[in-house]
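Below you'll find the structure, written out as structure tokens, and then a few comments.
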Amino acid sequence: MTQSLPGNLQVNVRFFAALGERLGRSEVRVAVPAGATIEAVWSAAVPGEPLPASVLVARNMEYSQPAQPVEDGDEIAFFPPVTGGRG
Amino acid sequence: MTQSLPGNLQVNVRFFAALGERLGRSEVRVAVPAGATIEAVWSAAVPGEPLPASVLVARNMEYSQPAQPVEDGDEIAFFPPVTGGRG
Amino acid sequence: MKVRVTEQPFDPWLELRAYQDSRDELAGRFGATAAFVGTMRDFNQGDAVQAMTLQHYAGMTERHLEAMSSRAAERWELLDSLILHRVGRLLPDDPIVLVAVWSAHRREAFEACRWLMEELKSTAPFWKKEETATGSRWVESNTPG
Amino acid sequence: MKVRVTEQPFDPWLELRAYQDSRDELAGRFGATAAFVGTMRDFNQGDAVQAMTLQHYAGMTERHLEAMSSRAAERWELLDSLILHRVGRLLPDDPIVLVAVWSAHRREAFEACRWLMEELKSTAPFWKKEETATGSRWVESNTPG
């Protein structure tokens, strides 16, 4: 469990597909300061590795951008390019 | 029965859809001189009326042109613009 | 590759499914199937249509649809195609035409399916006569694609 | 308008048919149905593929497919649409995706169906992992449309 400090935002972070496999986890909770962006959420969840340019981000199940600020309780997802459908 | 004269070509003529209804027949046999074109077949089958520009022509079940010469035993068809399919 | 013109009502999705299942050479090879079904509506050009008669040039129709299918197979990398077309007297909601195309990739399937439908509508020898409340009329031209 | 993501194998043509029959508001109104089915092949990028696992982002997937369907209905005059997508473990010849669109005229149906497939492939959160003789691998990118 992450420590809940005053002013901190609790965010649920999810990783999918090859990215989740590489990081060795699919879900983690992090605390970030108020005003933190999605990119800051990545840094809190994956310390020491910059957010790869090819990774897509979603906030509360809608596509978003790394510079988007997050709110308390958000679900932030990181995933590789999608490969659904067929043909 | 059309008279079969020496050097004459026997041609089976067909009319479809609105054109056939307007002319009051769907099939007729005509005799035309050797070297006659599809347009000449029309004139023999529908005396006194020029071949309308909107009418399509087929020779032996393939699209053709009014200037195409015919051969003995050909099936020549005249029909309005097609309206198959749906949507 | 199959072409069929029929006076009998047909269920396009069951026909498509049965044809696909009957073609062993498709198994494992096709990634993309594009299909189009044209269905009789109960209105056209602002009028209620009660029934319709589809005349065709038997013999030329089949030959023409087969030639179209061959041209599509030359132009795109296709694995198979199926064209069914109804003739005779139709009622609203009756399927009129099915065009289906199988290929490895979707671009070929989409493009060939659409091309076949446009070719069919503009060149295959079918003619529609609609029955409305005020009598019957030949349809003079198709809607643009 | 319907969207469904399922772990169960599905028969796209029977699903399409059942959905169409269930929609009374379509009766007599639709002239055009365009459908696309993507099917698992037994090869990809030169290798034999024995099986495949499709992961997705449950929740976002459905929301995203519904938003796509709504955008298509704003952009074209559509009467209805249906999207089915398989997830989980698939074998060759298993249908992966069905996109079907109903409209009065064929242009709208063809264009919306193709747009929905391209949008789905490039934006819906699905990921494929293939099993080949040498192990499993994530598919890195889709073939261009």
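Note on naming: letters A, B, ... go to the chains in the order of the sequence lines (proteins, then strands), and numbering restarts at 1 for each one. Since the structure is predicted, the reported quantities are computational estimates derived from the model, not experimental observations.
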Self-check item: Part of C:T53 within contact of chain B (heavy atom distance under 4.5 Å)
Solution: neither

Quiz prompt | Contacting region of C:W138 [heavy-atom separation from chain B under 4.5 Å] | solution = side chain

Quiz item: Going by residue number, which parts of residues 75-102 of chain C are within reach of chain B, meaning a heavy-atom gap below 4.5 Å?
Solution: C:H85, C:I96, C:V97

Exercise. Check B:A31 against B:N8 and note the closest heavy-atom contact, atom names and distance.
Key: CB-ND2, 3.7 Å

Quiz prompt | Intermediate values then yes/no, salt bridge (charged side-chain N to carboxylate O under 4.0 Å, His left out), C:E15 and C:R4 | solution = CA-CA 11 Å; C:E15 293 275 356; C:R4 186 157 63 91; 3.0 Å; yes

Practice problem: Please state whether the rings of B:F78 and B:W42 are parallel, tilted or perpendicular, taking 30° and 60° as the class boundaries. | Solution: perpendicular

Exercise. With sequence neighbours excluded, tell me which residues meet ring pair (Phe, Tyr, Trp, His ring centres under 6.0 Å) with C:F110.
Key: D:F36

Quiz item: Does the pair B:R59/B:E71 count as a salt bridge with the N-to-O cut at 4.0 Å?
Solution: yes

Practice problem: Determine whether C:R23 and C:Y19 make a side-chain contact, defined as any pair of heavy atoms from C-beta on separated by less than 4.5 Å. | Solution: yes

Quiz item: Are any non-hydrogen side-chain atoms of C:Y57 and C:F126 less than 4.5 angstrom apart?
Solution: no

Exercise. Considering only heavy atoms and a distance below 4.5 Å, find which of B:R14, B:E21, B:E75 pairs most often with chain C.
Key: B:E21

Quiz item: Does the ring center of B:Y63 lie less than 6.0 Å from the ring center of C:H64?
Solution: yes

Self-check item: Under 4.5 Å from a heavy atom of chain C, the part of B:A58 involved
Solution: side chain

